[in-house]
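Please read all numbers here as calculations on a predicted model, not as lab measurements.
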Amino acid sequence: MGKEIIHSSEAPEPIGPYSQAVKINGVLYVSGQIALDAATGDLINENITEETHAVMKNLEAILRAAGLTFAHVVKCSIFVKNMDDFGTVNEAYGRYFKTAPPARETVEVSRLPKNVNVEISCIAVA
């Protein structure tokens with residue numbers, strides 16, 4: 001089976017009993033990321049655009065640690081606290097997938113870890 005735990009010091013440490021990502025049989029499963037600064041542990045949530053970019057940068061760091069890029073991503077899950085932010089989140093998120101974007105769903109939820117406004121996870125294939 002060969003399960004490999006992927007960790008990046010450029011992404012925030014997990015805030016619970018989970019790994020940043022797990023790679024198995026050429027597939028990388030990246031845990032939901034929020035807008036935590038890896039160096040300081042501070043939340044980056046001045047506005048939803050900045051928050052989304054911080055989340056995407058954390059995802060990018062984990063993908064890079066696995067030797068992958070956003071081009072390898074086949075599926076994303078986006079959780080937002082307020083669906084009214086959908087357009088803004090979508091615009092920021094879209095900058096990372098200029099061509100051949102992955103499959104995706106966006107779901108409004110009542111609450112997210114540390115009371116953030118957006119959390120995103122992804123699956124990538126090598």
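- Cluster membership for V116 and I44, using ILVMFWY side-chain heavy atoms within less than 4.5 angstrom, is not shared.
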Let me have the donor-acceptor pairs involving side chains of residues 93-103, under 3.5 Å, with sequence neighbours excluded, atom names and distances please.
| from | atom 1 | to | atom 2 | distance (Å) |
| --- | --- | --- | --- | --- |
| R95 | NH1 | H53 | NE2 | 3.4 |
| Y96 | OH | H53 | ND1 | 2.7 |
| K98 | NZ | R95 | O | 3.4 |

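- In terms of the side-chain hydrogen bond (donor to acceptor under 3.5 Å, both in side chains) criterion, residue partners of R64 (sequence neighbours excluded) are, by chain and number, E10.
- Atom CG of L28 and atom CG of L68 lie 6.0 Å apart (nearest 0.5 Å).
- Connection of V109 to Y18 is established within a shared hydrophobic cluster, with ILVMFWY side chains joined at heavy-atom distances below 4.5 Å, either directly or through further cluster members.
- Listed for the E50 side chain is no donor-acceptor partner under 3.5 Å among the backbone atoms of I48.
- Remark: the backbone N or O of A35 is not paired with any side-chain donor or acceptor of N45 at under 3.5 angstrom.
- With sequence neighbours excluded, the residues forming a side chain to side chain contact (heavy atoms under 4.5 Å, CB included) with Y29 are I24, V27, I123, listed by chain and number.
- When all heavy atoms of N115 and K81 are compared, the pair lying nearest together is O-NZ, 3.1 Å.
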For V73 and R104, what are the C-alpha separation, side-chain angles and deciding distance, and is it a side chain to side chain contact (heavy atoms under 4.5 Å, CB included)?
CA-CA 10 Å; V73 174; R104 181 187 93 184; over 6 Å; no
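- Hydrophobic clustering (side-chain heavy atoms under 4.5 Å, transitive across Ile, Leu, Val, Met, Phe, Trp, Tyr) keeps M56 apart from V74.
- Here N82 pairs with D84, D85, E108 under the side chain to side chain contact (heavy atoms under 4.5 Å, CB included) rule; sequence neighbours left out.
- Summarising the geometry of I34 relative to V118, their closest heavy-atom pair is CG2-O, 4.0 Å, with the distance given to 0.1 Å.
- With sequence neighbours left out, E4 forms a side-chain hydrogen bond (donor to acceptor under 3.5 Å, both in side chains) with no residue at all.
- Residues satisfying the salt bridge (charged side-chain N to carboxylate O under 4.0 Å, His left out) criterion with E46, sequence neighbours excluded, are absent altogether.
- Summarising the geometry, atom CG belonging to N58 is positioned 10.0 Å from atom CD1 belonging to I120; distances are rounded to the nearest 0.5 Å.
- In the hydrophobic cluster analysis, where Ile, Leu, Val, Met, Phe, Trp and Tyr join through side-chain heavy atoms closer than 4.5 angstrom, I62 is grouped together with I78.
- Partners of N117 according to the side-chain hydrogen bond (donor to acceptor under 3.5 Å, both in side chains) rule, which considers only residues two or more places apart in sequence or in another chain, are E51.
- With sequence neighbours left out, S19 forms a side-chain hydrogen bond (donor to acceptor under 3.5 Å, both in side chains) with no residue at all.
- Residue C122 is tested with C76, S77, S31 for a side chain to side chain contact (heavy atoms under 4.5 Å, CB included); the sole match is C76.
- Cluster membership check: L43 does not share its hydrophobic cluster with V55, using side-chain heavy-atom separations under 4.5 Å among Ile, Leu, Val, Met, Phe, Trp and Tyr.
- In this structure, the side chains of F70 and L59 come closer than 4.5 Å at one or more pairs of heavy atoms.
- Through direct or indirect side-chain contacts shorter than 4.5 Å among Ile, Leu, Val, Met, Phe, Trp and Tyr, V22 is connected to I5.
- In terms of heavy-atom proximity, Q20 sits nearest to P12 at NE2-O, 2.9 Å.
- No side-chain heavy atom of V89 sits under 4.5 Å from any side-chain heavy atom of T106.
- For T69, the side chain to side chain contact (heavy atoms under 4.5 Å, CB included) criterion is met by A71, H72, not counting sequence neighbours.
- Remark: K75 engages E105 in a salt bridge (charged side-chain N to carboxylate O under 4.0 Å, His left out) (not counting sequence neighbours).
- In this structure the side chain of E13 never reaches within 4.5 angstrom of the side chain of L36, judged on heavy atoms.
- For T40, the side chain to side chain contact (heavy atoms under 4.5 Å, CB included) test picks out D37, D42, with sequence neighbours left out.
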